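Since this is a predicted model, take the numbers as computed values, not measurements. Residue numbering restarts at 1 for every chain, and letters A, B, ... go by the order of the sequence lines.
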2 protein chains.
Amino acid sequence: MRVSTEKTKKNRQNDRRAEIIGIAKHLFVENGFAATSMSSVANAVGLTKASLYHHFPGKDDLFAACVTEGLSDELLALRKIAEDSETDPKTRMRAVLEALYETFIFSPAGRMSPLIAEVSRSFPTVARAFHDDYMAPQHEILVQLLDEGVASGRFADIERKVYLHMVFGPIVTLSLTREMFATFEDLDQIFPVETLRDGHIENMLKLIGSSQT
Amino acid sequence: MRVSTEKTKKNRQNDRRAEIIGIAKHLFVENGFAATSMSSVANAVGLTKASLYHHFPGKDDLFAACVTEGLSDELLALRKIAEDSETDPKTRMRAVLEALYETFIFSPAGRMSPLIAEVSRSFPTVARAFHDDYMAPQHEILVQLLDEGVASGRFADIERKVYLHMVFGPIVTLSLTREMFATFEDLDQIFPVETLRDGHIENMLKLIGSSQT
DNA sequence: GTCTATAAGTAGATAGAC
DNA sequence: GTCTATCTACTTATAGAC
């Protein structure tokens, strides 16, 4: 009985924590680190500032939690697509690129980059964690899929880092651009997500279309 | 005589203004908008805060000046490369892409994007100015060069917006990435600028290599 | 765990002397 | 044009009651 009570307590605590992280993540992404005050987070959650400080000892810690937690789900989903060995590599590659667009344009995790850039000098450890726990694994998943396709002769043997550069570059920049020009009424006309995404993906597949060894 | 005195005065004023903008631009790019205080700018220039406010009525105005002024030089240089009709389009395109890497990775103007993203909601007019006076003309220069190559049958008729997406995406993201991970000791190993640049440019030229009409 | 109250510091911005 | 001095508002963070 005691155990179950403790479990419930811990679950409730984690619920609160997760709730705070979810809301704070949204605010950070939307307004930036410096422009997001602990008061505003507390208000949005429906707590006082002091109560918020009960859950997170400082603004840094809250931010670090927002950056590092909840990223593994997306990695898992990406890995699942990339490693489905029933499907041929080209189809999987297309699916992976589409999933990346989904993540970077529409999920908070994918819109973290400008935030990290904003605070990287103040919290180098947060930047390290974001790279090691999120970016590097994503790169690895793509490289493995690429390796597999190259080994079976279906993909051209493109330089790996250049491929990552050309895959992630447009996606991240599109996300950043939508942030920069969020107030534009004609945003979707100037930067039409679907057109850019489809064209980009087609061209990347063309590039690795096993023209050479 | 009076005229020349006034001219000298105005020149000195402009010198001060330009000096402040140069230093402030650097600080904004390096530390972000919110983390750059008017005090820190004043200190860096060697003035007091009050004197700084004599030259710029508010932080917004200083920032807007940093974003909008001094961008035209780079546009001019880019246009010069793109419109040199003596050279064939492919060589010009390569030179233009190299110039873009130079600008975005190493000049403050090219590293403005995360800044704009940080403040876009607060200063939509600044974001508009950055787009209309800097990004859109850059895009136009590239599209014109592309048009010219397509018209003469030297380039494939790639979708213009997709081409811009794939050209600027990797460049901007590389700049952002170097910002994010500025504290990494192994930054140049993880993201080797020359390799990424050369590979990217070669692949873009391959893509528009007039395979189809 | 959540609250009220408040400390300690810093931001942007201004008044007025020189 | 530059200074000293100051104001107001807001920030992160904490103490202690309930």
Nearest whole Å is fine: how far is [N] [atom2] from [X] [atom1]?
X	N	atom1	atom2	result
A:His54	D:dA17	NE2	P	18 Å
A:Phe33	C:dA11	CZ	P	15 Å
B:Phe63	C:dG12	CZ	C1'	16 Å
B:Glu19	D:dT2	CD	C1'	14 Å
A:Leu47	C:dT4	CG	P	11 Å
A:Met38	D:dT12	CE	P	7 Å
B:Leu52	D:dC3	CG	P	11 Å
A:Asn43	C:dT4	CG	P	11 Å

Of the listed nucleotides [options], the one nearest the side chain of [X]:
X	options	value
B:Ala50	D:dA13, C:dT2, D:dC3	D:dC3
A:Lys59	C:dA13, D:dA13, C:dT2	D:dA13
B:His55	D:dT4, C:dT2, D:dT2	D:dT2
A:Tyr53	C:dT14, C:dT2, D:dT12	D:dT12
A:Lys49	C:dT6, C:dT2, C:dG12	C:dT6

Lys/Arg N to Asp/Glu carboxylate O, [X] vs [Y], below 4.0 Å:
X	Y	value
A:Glu86	A:Arg92	no
B:Glu30	B:Lys25	no
B:Arg197	B:Glu194	no

**Prompt:** For C:dG1, does either OP1 or OP2 sit under 4.0 Å from a side-chain N or O belonging to A:Ser51?
**Reply:**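 So the side-chain polar atoms of A:Ser51 never come under 4.0 Å of the phosphate oxygens OP1 or OP2 of C:dG1.
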**Asked** Is there a side-chain polar atom (N or O) of B:Thr48 under 4.0 Å from OP1 or OP2 of D:dT2?
**Response**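 False: B:Thr48 side-chain N/O out of range (4.0 Å or more) of D:dT2 OP1/OP2.
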**Asked** Does A:Arg111 make a cation-pi contact with A:Phe104, if we ask for NZ or CZ under 6.0 Å from the ring centre and within 45° of the axis?
**Response**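 No, a cation-pi geometry is absent between A:Arg111 and A:Phe104.
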**Request:** Tell me what B:Thr36 touches on the nucleic acid: a base, only sugar-phosphate, or nothing, going by heavy atoms under 4.0 Å.
**Result:**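 B:Thr36: backbone/sugar contact only, no base atoms under 4.0 Å.
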**Request:** Hey, can you tell me if A:His165 and B:Tyr101 have their rings parallel, tilted or perpendicular (30° and 60° cut-offs)?
**Result:**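 Because their plane-to-plane angle lies in the 30° to 60° range, the rings of A:His165 and B:Tyr101 count as tilted.
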